[in-house]
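Single-structure report; data block below.
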Amino acid sequence: MTDQPQPSTPAAPDLFTWEFASDPYPAYAWLREHSPVHRTRLPSGVEAWLVTRYADAKQTLADHRLSKNPAHHAEPAHAKGKTGIPGERKAELMTHLLNIDPPDHTRLRRLVSKAFTPRRVAEFAPRVQELTDRLIDGFAQKGSADLIHEFAFPLPIYAICDLLGVPREDQDDFRDWAGMMIRHQGGPRGGVARSVKKMRGYLADLIHRKREALPAEPAPGEDLISGLIRASDHGEHLTENEAAAMAFILLFAGFETTVNLIGNGTYALLTHPEQRERLQRSLAAHDTALLETGVEELLRYDGPVELATWRFATEPLTIGGQRIAAGDPVLVVLAAADRDPERFTDPDVLDLSRRDNQHLGYGHGIHYCLGAPLARLEGQTALATLLTRLPDLRLAVDPAELRWRGGLIMRGLRTLPVEFAPAKSDETSAL
(Lines give C-alpha, C1' and ligand atoms only; values in the text may rest on other atoms or scores of the structure.)
Protein backbone atom coordinates (compact mmCIF):
# COMPACT_ATOMS: atom_id res chain seq x y z
CA MET A 1 0.00 0.00 0.00
CA THR A 2 1.52 3.30 -1.05
CA ASP A 3 1.38 6.45 1.00
CA GLN A 4 -1.27 8.80 -0.20
CA PRO A 5 -0.08 12.38 -0.82
CA GLN A 6 -1.32 14.73 1.85
CA PRO A 7 -3.37 17.69 0.64
CA SER A 8 -1.28 20.83 0.81
CA THR A 9 -2.51 24.12 2.18
CA PRO A 10 -3.24 26.46 -0.72
CA ALA A 11 -0.92 29.40 -1.13
CA ALA A 12 -1.73 32.52 0.84
CA PRO A 13 -3.70 35.08 -1.20
CA ASP A 14 -2.14 38.32 -2.34
CA LEU A 15 -3.08 41.15 -0.02
CA PHE A 16 -3.39 44.89 -0.70
CA THR A 17 -3.67 44.63 -4.49
CA TRP A 18 -6.34 46.53 -6.44
CA GLU A 19 -8.22 43.25 -6.90
CA PHE A 20 -8.06 42.67 -3.16
CA ALA A 21 -9.38 46.19 -2.50
CA SER A 22 -12.46 45.47 -4.63
CA ASP A 23 -13.36 42.35 -2.66
CA PRO A 24 -11.09 41.45 0.27
CA TYR A 25 -13.51 38.98 1.83
CA PRO A 26 -12.32 35.75 0.13
CA ALA A 27 -8.75 36.52 1.21
CA TYR A 28 -9.92 37.21 4.76
CA ALA A 29 -11.82 33.91 4.79
CA TRP A 30 -8.57 32.13 3.84
CA LEU A 31 -6.67 33.90 6.62
CA ARG A 32 -9.32 33.06 9.23
CA GLU A 33 -9.05 29.38 8.32
CA HIS A 34 -5.33 28.93 7.65
CA SER A 35 -3.45 31.82 9.30
CA PRO A 36 -5.75 33.68 11.70
CA VAL A 37 -2.92 35.75 13.20
CA HIS A 38 -0.87 36.49 10.11
CA ARG A 39 2.41 38.36 9.77
CA THR A 40 2.64 40.36 6.55
CA ARG A 41 4.55 43.20 4.96
CA LEU A 42 2.27 46.17 4.37
CA PRO A 43 2.48 48.36 1.26
CA SER A 44 4.44 50.92 3.33
CA GLY A 45 7.12 48.30 4.05
CA VAL A 46 6.15 47.97 7.71
CA GLU A 47 5.71 44.39 8.96
CA ALA A 48 2.64 43.81 11.12
CA TRP A 49 0.35 41.10 12.49
CA LEU A 50 -3.19 40.82 11.12
CA VAL A 51 -5.81 39.40 13.53
CA THR A 52 -8.80 38.02 11.61
CA ARG A 53 -11.01 35.84 13.85
CA TYR A 54 -13.83 37.43 15.85
CA ALA A 55 -12.91 36.02 19.27
CA ASP A 56 -9.23 36.95 18.85
CA ALA A 57 -10.16 40.37 17.49
CA LYS A 58 -12.45 41.23 20.40
CA GLN A 59 -9.84 40.12 22.92
CA THR A 60 -7.07 42.04 21.14
CA LEU A 61 -9.07 45.28 20.98
CA ALA A 62 -9.41 45.24 24.78
CA ASP A 63 -5.87 44.03 25.64
CA HIS A 64 -4.06 46.65 27.76
CA ARG A 65 -0.71 45.19 26.70
CA LEU A 66 -1.30 46.62 23.24
CA SER A 67 -0.59 50.34 23.28
CA LYS A 68 -1.90 53.02 20.93
CA ASN A 69 1.24 55.09 21.47
CA PRO A 70 3.60 54.79 18.46
CA ALA A 71 6.56 55.24 20.84
CA HIS A 72 6.18 51.52 21.60
CA HIS A 73 6.87 50.54 17.98
CA ALA A 74 10.18 48.71 17.65
CA GLU A 75 10.94 50.49 14.36
CA PRO A 76 11.09 54.26 13.64
CA ALA A 77 8.35 53.83 11.03
CA HIS A 78 5.99 56.37 12.55
CA ALA A 79 8.58 59.14 12.34
CA LYS A 80 8.79 58.41 8.62
CA GLY A 81 5.03 58.69 8.20
CA LYS A 82 4.55 54.96 7.61
CA THR A 83 2.08 54.47 10.45
CA GLY A 84 -0.65 56.78 11.65
CA ILE A 85 -1.96 59.79 9.73
CA PRO A 86 0.48 61.44 7.29
CA GLY A 87 1.72 64.78 8.53
CA GLU A 88 0.32 64.58 12.05
CA ARG A 89 3.75 64.54 13.73
CA LYS A 90 5.09 67.59 11.89
CA ALA A 91 1.83 69.43 12.53
CA GLU A 92 2.08 68.71 16.30
CA LEU A 93 -1.20 66.79 16.26
CA MET A 94 -0.01 63.59 17.90
CA THR A 95 -1.77 63.90 21.25
CA HIS A 96 -5.19 62.65 20.15
CA LEU A 97 -7.34 59.69 21.18
CA LEU A 98 -5.96 57.31 18.53
CA ASN A 99 -2.36 57.73 19.73
CA ILE A 100 -2.55 57.72 23.53
CA ASP A 101 -3.23 55.34 26.42
CA PRO A 102 -4.71 55.78 29.90
CA PRO A 103 -4.57 57.91 31.97
CA ASP A 104 -4.28 60.65 29.32
CA HIS A 105 -6.74 58.82 27.07
CA THR A 106 -9.25 58.60 29.93
CA ARG A 107 -8.90 62.33 30.70
CA LEU A 108 -9.25 63.52 27.11
CA ARG A 109 -12.07 61.13 26.24
CA ARG A 110 -14.04 62.33 29.26
CA LEU A 111 -13.77 65.93 28.04
CA VAL A 112 -15.40 65.24 24.70
CA SER A 113 -17.78 62.41 25.58
CA LYS A 114 -20.51 64.85 26.63
CA ALA A 115 -20.76 66.03 23.00
CA PHE A 116 -21.81 62.54 21.88
CA THR A 117 -24.37 61.57 24.49
CA PRO A 118 -27.66 60.20 23.12
CA ARG A 119 -29.40 63.40 24.24
CA ARG A 120 -26.92 65.70 22.50
CA VAL A 121 -27.03 63.62 19.32
CA ALA A 122 -30.85 63.64 19.38
CA GLU A 123 -30.76 67.44 19.63
CA PHE A 124 -28.54 67.48 16.54
CA ALA A 125 -30.93 65.31 14.48
CA PRO A 126 -32.89 68.21 12.87
CA ARG A 127 -29.64 69.75 11.61
CA VAL A 128 -28.54 66.43 10.10
CA GLN A 129 -31.94 66.12 8.37
CA GLU A 130 -31.66 69.70 7.09
CA LEU A 131 -28.19 69.05 5.66
CA THR A 132 -29.35 65.78 4.10
CA ASP A 133 -32.30 67.39 2.35
CA ARG A 134 -30.24 70.36 1.18
CA LEU A 135 -27.64 68.12 -0.42
CA ILE A 136 -30.27 65.96 -2.16
CA ASP A 137 -31.95 69.15 -3.39
CA GLY A 138 -28.66 69.99 -5.09
CA PHE A 139 -28.91 67.05 -7.50
CA ALA A 140 -32.51 65.79 -7.33
CA GLN A 141 -33.59 67.59 -10.52
CA LYS A 142 -30.61 66.30 -12.56
CA GLY A 143 -31.60 62.65 -12.57
CA SER A 144 -28.04 61.56 -11.84
CA ALA A 145 -25.33 62.11 -9.24
CA ASP A 146 -22.10 60.85 -7.80
CA LEU A 147 -23.34 59.98 -4.34
CA ILE A 148 -19.85 60.03 -2.83
CA HIS A 149 -18.80 63.54 -3.83
CA GLU A 150 -22.24 65.15 -3.90
CA PHE A 151 -23.75 63.52 -0.82
CA ALA A 152 -21.86 61.02 1.35
CA PHE A 153 -18.74 63.20 1.56
CA PRO A 154 -20.14 66.69 2.33
CA LEU A 155 -22.85 65.54 4.79
CA PRO A 156 -20.56 64.43 7.65
CA ILE A 157 -18.06 67.25 6.95
CA TYR A 158 -20.68 69.94 7.48
CA ALA A 159 -22.18 68.06 10.43
CA ILE A 160 -18.90 67.66 12.32
CA CYS A 161 -17.94 71.28 11.52
CA ASP A 162 -21.21 72.41 13.11
CA LEU A 163 -20.57 70.24 16.15
CA LEU A 164 -17.02 71.56 16.56
CA GLY A 165 -18.09 75.17 16.08
CA VAL A 166 -16.40 75.93 12.76
CA PRO A 167 -18.14 79.04 11.35
CA ARG A 168 -20.31 78.35 8.31
CA GLU A 169 -18.23 80.68 6.14
CA ASP A 170 -15.11 78.56 6.81
CA GLN A 171 -16.65 75.12 6.30
CA ASP A 172 -15.94 74.91 2.57
CA ASP A 173 -12.22 75.27 3.38
CA PHE A 174 -12.54 72.28 5.68
CA ARG A 175 -14.31 70.41 2.90
CA ASP A 176 -11.36 71.09 0.56
CA TRP A 177 -8.75 69.98 3.13
CA ALA A 178 -10.73 66.88 4.01
CA GLY A 179 -11.13 66.09 0.32
CA MET A 180 -7.37 66.11 -0.12
CA MET A 181 -6.97 63.79 2.87
CA ILE A 182 -9.56 61.29 1.63
CA ARG A 183 -8.25 61.31 -1.96
CA HIS A 184 -4.57 61.09 -1.04
CA GLN A 185 -3.84 58.06 -3.22
CA GLY A 186 -4.79 60.02 -6.32
CA GLY A 187 -3.73 63.51 -5.26
CA PRO A 188 -0.43 65.35 -5.50
CA ARG A 189 2.55 64.03 -3.55
CA GLY A 190 2.57 65.42 -0.01
CA GLY A 191 -0.97 66.71 -0.39
CA VAL A 192 -2.24 65.04 2.78
CA ALA A 193 0.55 66.48 4.93
CA ARG A 194 -0.06 69.96 3.48
CA SER A 195 -3.78 69.70 4.19
CA VAL A 196 -3.09 68.52 7.74
CA LYS A 197 -0.74 71.48 8.24
CA LYS A 198 -3.33 73.95 6.94
CA MET A 199 -6.00 72.43 9.17
CA ARG A 200 -3.65 72.63 12.17
CA GLY A 201 -2.98 76.33 11.54
CA TYR A 202 -6.67 77.06 11.17
CA LEU A 203 -7.60 75.19 14.36
CA ALA A 204 -4.94 76.99 16.38
CA ASP A 205 -6.33 80.33 15.18
CA LEU A 206 -9.93 79.28 15.78
CA ILE A 207 -9.13 78.13 19.33
CA HIS A 208 -7.46 81.47 20.01
CA ARG A 209 -10.42 83.45 18.64
CA LYS A 210 -12.97 81.39 20.55
CA ARG A 211 -11.01 81.75 23.80
CA GLU A 212 -10.99 85.53 23.36
CA ALA A 213 -14.76 85.65 22.82
CA LEU A 214 -15.83 82.90 25.26
CA PRO A 215 -18.80 84.00 27.41
CA ALA A 216 -18.64 83.52 31.16
CA GLU A 217 -21.35 80.85 31.13
CA PRO A 218 -21.90 78.15 28.48
CA ALA A 219 -24.96 78.51 26.26
CA PRO A 220 -27.21 75.47 25.70
CA GLY A 221 -25.68 73.23 23.03
CA GLU A 222 -22.31 74.98 23.20
CA ASP A 223 -19.95 73.88 20.41
CA LEU A 224 -17.28 71.31 21.17
CA ILE A 225 -14.20 73.52 20.71
CA SER A 226 -15.63 76.09 23.13
CA GLY A 227 -16.31 73.26 25.57
CA LEU A 228 -12.69 72.07 25.30
CA ILE A 229 -11.42 75.60 25.92
CA ARG A 230 -13.73 76.01 28.90
CA ALA A 231 -12.54 72.71 30.39
CA SER A 232 -8.92 73.75 29.86
CA ASP A 233 -9.51 77.08 31.55
CA HIS A 234 -11.17 75.37 34.53
CA GLY A 235 -8.32 73.14 35.62
CA GLU A 236 -8.48 70.18 33.25
CA HIS A 237 -4.98 71.02 31.97
CA LEU A 238 -5.81 70.70 28.31
CA THR A 239 -2.94 72.17 26.32
CA GLU A 240 -3.51 74.06 23.07
CA ASN A 241 -1.85 71.20 21.18
CA GLU A 242 -4.19 68.72 22.86
CA ALA A 243 -7.23 70.85 22.01
CA ALA A 244 -6.14 71.22 18.39
CA ALA A 245 -5.30 67.51 18.12
CA MET A 246 -8.66 66.59 19.63
CA ALA A 247 -10.57 68.80 17.18
CA PHE A 248 -8.48 67.42 14.32
CA ILE A 249 -9.06 63.75 15.09
CA LEU A 250 -12.78 64.26 15.67
CA LEU A 251 -12.97 65.82 12.23
CA PHE A 252 -10.70 63.26 10.57
CA ALA A 253 -12.19 60.16 12.22
CA GLY A 254 -15.69 61.61 12.28
CA PHE A 255 -16.10 62.26 8.61
CA GLU A 256 -14.37 59.50 6.63
CA THR A 257 -16.05 56.69 8.57
CA THR A 258 -19.46 58.21 7.85
CA VAL A 259 -18.63 58.85 4.19
CA ASN A 260 -17.91 55.13 3.88
CA LEU A 261 -20.92 54.05 5.93
CA ILE A 262 -23.25 55.97 3.60
CA GLY A 263 -21.37 55.02 0.42
CA ASN A 264 -20.83 51.33 1.22
CA GLY A 265 -24.33 51.05 2.67
CA THR A 266 -26.03 52.57 -0.37
CA TYR A 267 -23.98 50.36 -2.69
CA ALA A 268 -24.91 47.24 -0.70
CA LEU A 269 -28.60 48.13 -0.87
CA LEU A 270 -28.46 48.84 -4.61
CA THR A 271 -26.83 45.46 -5.24
CA HIS A 272 -29.27 43.59 -2.96
CA PRO A 273 -32.66 44.71 -4.35
CA GLU A 274 -34.77 42.44 -2.14
CA GLN A 275 -33.24 43.92 1.01
CA ARG A 276 -33.56 47.43 -0.35
CA GLU A 277 -37.25 46.89 -1.19
CA ARG A 278 -37.88 45.52 2.33
CA LEU A 279 -36.39 48.68 3.77
CA GLN A 280 -38.38 50.95 1.46
CA ARG A 281 -41.63 49.22 2.42
CA SER A 282 -40.75 49.60 6.09
CA LEU A 283 -39.96 53.31 5.69
CA ALA A 284 -43.19 53.89 3.75
CA ALA A 285 -45.06 52.41 6.73
CA HIS A 286 -43.19 54.83 9.05
CA ASP A 287 -41.54 51.90 10.82
CA THR A 288 -37.89 52.60 11.73
CA ALA A 289 -37.09 49.21 13.27
CA LEU A 290 -35.66 47.74 10.05
CA LEU A 291 -33.69 50.94 9.43
CA GLU A 292 -32.03 50.64 12.83
CA THR A 293 -31.11 46.96 12.53
CA GLY A 294 -30.30 47.52 8.86
CA VAL A 295 -27.61 50.12 9.52
CA GLU A 296 -26.01 47.76 12.05
CA GLU A 297 -26.03 45.02 9.41
CA LEU A 298 -24.48 47.33 6.83
CA LEU A 299 -21.76 48.15 9.36
CA ARG A 300 -21.08 44.44 9.77
CA TYR A 301 -21.45 43.35 6.16
CA ASP A 302 -19.17 45.91 4.48
CA GLY A 303 -18.27 48.45 7.11
CA PRO A 304 -16.42 51.76 6.77
CA VAL A 305 -13.36 50.70 8.80
CA GLU A 306 -11.57 47.67 7.40
CA LEU A 307 -8.73 47.49 9.93
CA ALA A 308 -8.70 48.96 13.42
CA THR A 309 -6.06 51.62 13.95
CA TRP A 310 -2.51 50.77 14.98
CA ARG A 311 -1.61 48.96 18.19
CA PHE A 312 1.89 48.11 19.43
CA ALA A 313 2.84 45.29 21.81
CA THR A 314 4.40 46.67 25.01
CA GLU A 315 5.59 43.19 26.03
CA PRO A 316 5.69 39.69 24.51
CA LEU A 317 2.20 38.22 24.30
CA THR A 318 0.20 35.49 22.57
CA ILE A 319 -2.82 36.08 20.32
CA GLY A 320 -4.68 33.12 18.86
CA GLY A 321 -1.75 30.82 19.66
CA GLN A 322 0.72 33.10 17.86
CA ARG A 323 3.62 34.65 19.79
CA ILE A 324 3.92 38.41 19.31
CA ALA A 325 7.20 40.17 20.19
CA ALA A 326 7.38 43.41 22.15
CA GLY A 327 7.30 46.37 19.77
CA ASP A 328 5.46 44.53 16.99
CA PRO A 329 2.52 46.34 15.34
CA VAL A 330 -0.85 44.55 15.54
CA LEU A 331 -3.77 45.36 13.24
CA VAL A 332 -7.21 43.90 13.98
CA VAL A 333 -9.05 43.21 10.72
CA LEU A 334 -12.59 44.25 11.61
CA ALA A 335 -13.85 43.31 8.14
CA ALA A 336 -12.63 39.74 8.62
CA ALA A 337 -13.87 39.39 12.20
CA ASP A 338 -17.34 40.62 11.26
CA ARG A 339 -17.71 37.81 8.71
CA ASP A 340 -16.46 35.05 10.98
CA PRO A 341 -18.85 32.05 10.65
CA GLU A 342 -17.94 31.04 14.21
CA ARG A 343 -19.75 34.19 15.38
CA PHE A 344 -22.31 35.09 12.70
CA THR A 345 -24.80 32.79 10.95
CA ASP A 346 -24.46 33.06 7.17
CA PRO A 347 -21.92 35.88 7.52
CA ASP A 348 -21.66 36.55 3.77
CA VAL A 349 -25.42 37.15 3.51
CA LEU A 350 -26.83 40.68 3.91
CA ASP A 351 -29.83 40.45 6.26
CA LEU A 352 -31.14 43.84 7.38
CA SER A 353 -33.24 42.23 10.11
CA ARG A 354 -30.28 40.41 11.70
CA ARG A 355 -30.72 40.60 15.48
CA ASP A 356 -27.72 38.95 17.11
CA ASN A 357 -25.31 41.45 15.60
CA GLN A 358 -22.57 42.44 18.00
CA HIS A 359 -20.29 43.52 15.19
CA LEU A 360 -16.95 45.23 15.75
CA GLY A 361 -17.48 47.93 13.15
CA TYR A 362 -16.87 50.69 15.70
CA GLY A 363 -14.30 48.78 17.71
CA HIS A 364 -14.47 47.45 21.26
CA GLY A 365 -13.08 48.37 24.66
CA ILE A 366 -11.82 51.77 25.80
CA HIS A 367 -11.16 52.87 22.21
CA TYR A 368 -14.72 52.15 21.05
CA CYS A 369 -15.63 54.89 18.55
CA LEU A 370 -16.70 57.97 20.49
CA GLY A 371 -18.72 59.32 17.57
CA ALA A 372 -20.67 56.12 16.87
CA PRO A 373 -24.04 57.62 17.95
CA LEU A 374 -23.58 60.56 15.56
CA ALA A 375 -22.43 58.29 12.72
CA ARG A 376 -25.47 56.05 13.21
CA LEU A 377 -27.76 59.09 13.13
CA GLU A 378 -26.14 60.35 9.93
CA GLY A 379 -26.24 56.91 8.32
CA GLN A 380 -29.87 56.29 9.19
CA THR A 381 -30.94 59.77 8.10
CA ALA A 382 -28.99 59.65 4.83
CA LEU A 383 -30.18 56.21 3.75
CA ALA A 384 -33.81 56.72 4.78
CA THR A 385 -34.02 60.09 3.00
CA LEU A 386 -32.32 58.82 -0.16
CA LEU A 387 -34.61 55.80 -0.48
CA THR A 388 -37.71 57.85 0.29
CA ARG A 389 -37.02 60.85 -1.94
CA LEU A 390 -35.39 58.89 -4.79
CA PRO A 391 -37.32 55.59 -4.69
CA ASP A 392 -36.07 54.37 -8.08
CA LEU A 393 -32.40 55.01 -7.28
CA ARG A 394 -30.12 52.70 -9.30
CA LEU A 395 -26.47 52.27 -10.18
CA ALA A 396 -25.43 54.13 -13.33
CA VAL A 397 -22.50 51.79 -14.06
CA ASP A 398 -21.71 48.11 -13.84
CA PRO A 399 -20.49 47.25 -10.32
CA ALA A 400 -17.24 45.93 -11.84
CA GLU A 401 -16.44 49.48 -12.99
CA LEU A 402 -16.46 50.92 -9.48
CA ARG A 403 -13.12 51.53 -7.79
CA TRP A 404 -12.36 51.37 -4.09
CA ARG A 405 -9.89 53.76 -2.49
CA GLY A 406 -6.56 52.12 -1.82
CA GLY A 407 -5.70 52.45 1.83
CA LEU A 408 -4.99 50.45 4.93
CA ILE A 409 -7.53 51.44 7.58
CA MET A 410 -10.66 52.68 5.79
CA ARG A 411 -12.80 50.92 3.18
CA GLY A 412 -14.77 53.11 0.80
CA LEU A 413 -15.69 53.76 -2.81
CA ARG A 414 -14.01 56.48 -4.84
CA THR A 415 -17.24 57.25 -6.68
CA LEU A 416 -20.83 55.97 -6.71
CA PRO A 417 -22.59 57.09 -9.92
CA VAL A 418 -26.38 56.70 -9.71
CA GLU A 419 -29.45 57.53 -11.78
CA PHE A 420 -33.07 58.20 -10.83
CA ALA A 421 -36.17 59.93 -12.10
CA PRO A 422 -35.51 63.68 -11.90
CA ALA A 423 -37.55 65.48 -9.28
CA LYS A 424 -39.79 68.33 -10.36
CA SER A 425 -38.80 71.74 -9.07
CA ASP A 426 -41.69 71.82 -6.58
CA GLU A 427 -40.64 68.45 -5.11
CA THR A 428 -37.37 69.66 -3.63
CA SER A 429 -37.31 70.56 0.02
CA ALA A 430 -37.86 74.16 1.02
CA LEU A 431 -35.04 75.09 3.41
Side-chain angles (χ1 to χ4, degrees), residues 6-63 65-66 73-75 77 82-83 260 264 268 297-313 316-325 327-350 354 357-365 367 404-412:
Q6 296 298 312
S8 59
T9 300
D14 290 332
L15 305 179
F16 311 117
T17 63
W18 286 112
E19 292 78 12
F20 170 85
S22 296
D23 183 11
Y25 296 103
Y28 289 150
W30 188 97
L31 291 177
R32 278 196 310 265
E33 182 176 354
H34 299 290
S35 185
V37 181
H38 182 75
R39 189 171 177 87
T40 189
R41 183 178 294 274
L42 304 174
S44 64
V46 175
E47 291 198 356
W49 294 96
L50 303 180
V51 179
T52 58
R53 288 180 178 169
Y54 182 92
D56 294 337
K58 193 170 183 180
Q59 177 183 337
T60 300
L61 291 171
D63 195 324
R65 297 170 298 176
L66 290 163
H73 191 187
E75 303 293 333
K82 292 184 177 181
T83 68
N260 295 346
N264 298 5
E297 174 68 346
L298 293 169
L299 284 162
R300 182 202 68 83
Y301 179 78
D302 198 10
V305 184
E306 191 165 343
L307 281 74
T309 49
W310 295 84
R311 284 165 169 77
F312 306 93
L317 68 150
T318 300
I319 302 174
Q322 180 66 58
R323 193 69 172 160
I324 310 293
D328 278 1
V330 176
L331 291 165
V332 175
V333 188
L334 305 177
D338 279 343
R339 291 215 190 179
D340 187 342
E342 292 295 315
R343 177 59 186 84
F344 299 99
T345 303
D346 296 326
D348 295 320
V349 172
L350 179 69
R354 189 184 296 269
N357 195 1
Q358 296 180 33
H359 62 77
L360 300 176
Y362 283 124
H364 173 69
H367 291 283
W404 297 79
R405 287 193 303 275
L408 189 64
I409 302 299
M410 301 292 185
R411 173 165 172 78

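Keep in mind that the numbers below use all heavy atoms, side chains included, and drop hydrogens, waters and symmetry copies. This structure is a prediction, so every number in the text was calculated from the model and none was measured.
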Determine all donor-acceptor pairs shorter than 3.5 Å in which one atom belongs to a side chain in residues 297-308; sequence neighbours excluded.
unit_1, atom_1, unit_2, atom_2, d
Glu297, OE1, Arg300, NE, 2.9
Glu297, OE1, Arg354, NE, 3.0
Glu297, OE1, Asn357, ND2, 3.4
Glu297, OE2, Arg300, NH2, 3.0
Glu297, OE2, Asp351, N, 2.9
Glu297, OE2, Arg354, NE, 3.1
Arg300, NH1, Asp338, O, 2.9
Arg300, NH1, Pro347, O, 2.8
Arg300, NH2, Pro347, O, 3.0
Arg300, NH2, Val349, O, 3.1
Tyr301, OH, His272, NE2, 3.4
Asp302, OD1, Tyr25, OH, 2.6
Asp302, OD1, Arg411, NE, 2.6
Glu306, OE2, Tyr28, OH, 2.5

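Residues satisfying the ring-ring contact (aromatic ring centres under 6.0 Å, His included) test with Phe16, not counting sequence neighbours, are Phe20. Under the side chain to side chain donor-acceptor pair (under 3.5 Å) criterion, Thr345 pairs with no residue at all, not counting sequence neighbours. Residues passing the side chain to side chain contact (heavy atoms under 4.5 Å, CB included) test with Pro26 are Asp23, sequence neighbours excluded. Every residue two or more places apart in sequence or in another chain that forms a salt bridge (Lys or Arg N to Asp or Glu O under 4.0 Å) with Arg343 is listed here: Asp356.
The distance from the CD atom of Gln59 to the NE2 atom of His364 is 9.5 Å, given to the nearest 0.5 Å. Annotation: the span from Asp56 atom CG to Lys58 atom NZ amounts to 13.0 Å, rounded to 0.5 Å. A distance of 4.0 Å separates CD1 of Ile319 from OG1 of Thr60, quoted to the nearest 0.5 Å. Between the OG1 atom in Thr309 and the NE2 atom in His367 there is a gap of 7.5 Å [rounded to 0.5 Å].
Remark: the backbone N or O of Val51 is not paired with any side-chain donor or acceptor of Arg53 at under 3.5 angstrom.
Nearest approach of Tyr54 to Gln358, heavy atoms of both residues: OH-O, 2.6 Å. Closest non-hydrogen pair, Pro329 versus Val46, comes out as CG-CG1, 4.2 Å. Residues Pro36 and His34 come closest through the heavy atom pair CD-C, 3.7 Å. Considering all non-hydrogen atoms of both residues, Leu15 and Ala27 come closest at CD2-CB, 4.0 Å. Looking at every heavy atom in both residues, Ala57 comes nearest to Ala337 through CB-CB, 3.8 Å.
You'll find the side chain of Asn260 stays beyond 4.5 Å of the side chain of Trp404, heavy atoms only. Counting heavy atoms from C-beta outward, Leu66 and Ile324 have side chains that stay 4.5 Å or more apart.
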Could you go through the side-chain contact (heavy atoms from CB on, under 4.5 Å) check for Leu42 and Leu331 one step at a time? CA-CA 11 Å; Leu42 304 174; Leu331 291 165; 3.9 Å; yes
Please lay out, stage by stage, how Leu61 and Arg311 fare under the test side-chain contact (heavy atoms from CB on, under 4.5 Å). CA-CA 9 Å; Leu61 291 171; Arg311 284 165 169 77; 3.7 Å; yes
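Residue pairs satisfying the salt bridge (charged side-chain N to carboxylate O under 4.0 Å, His left out) criterion with at least one member in residues 28-44, sequence neighbours excluded, are listed as follows: Arg39-Glu47, Arg39-Asp328, Arg41-Glu47.
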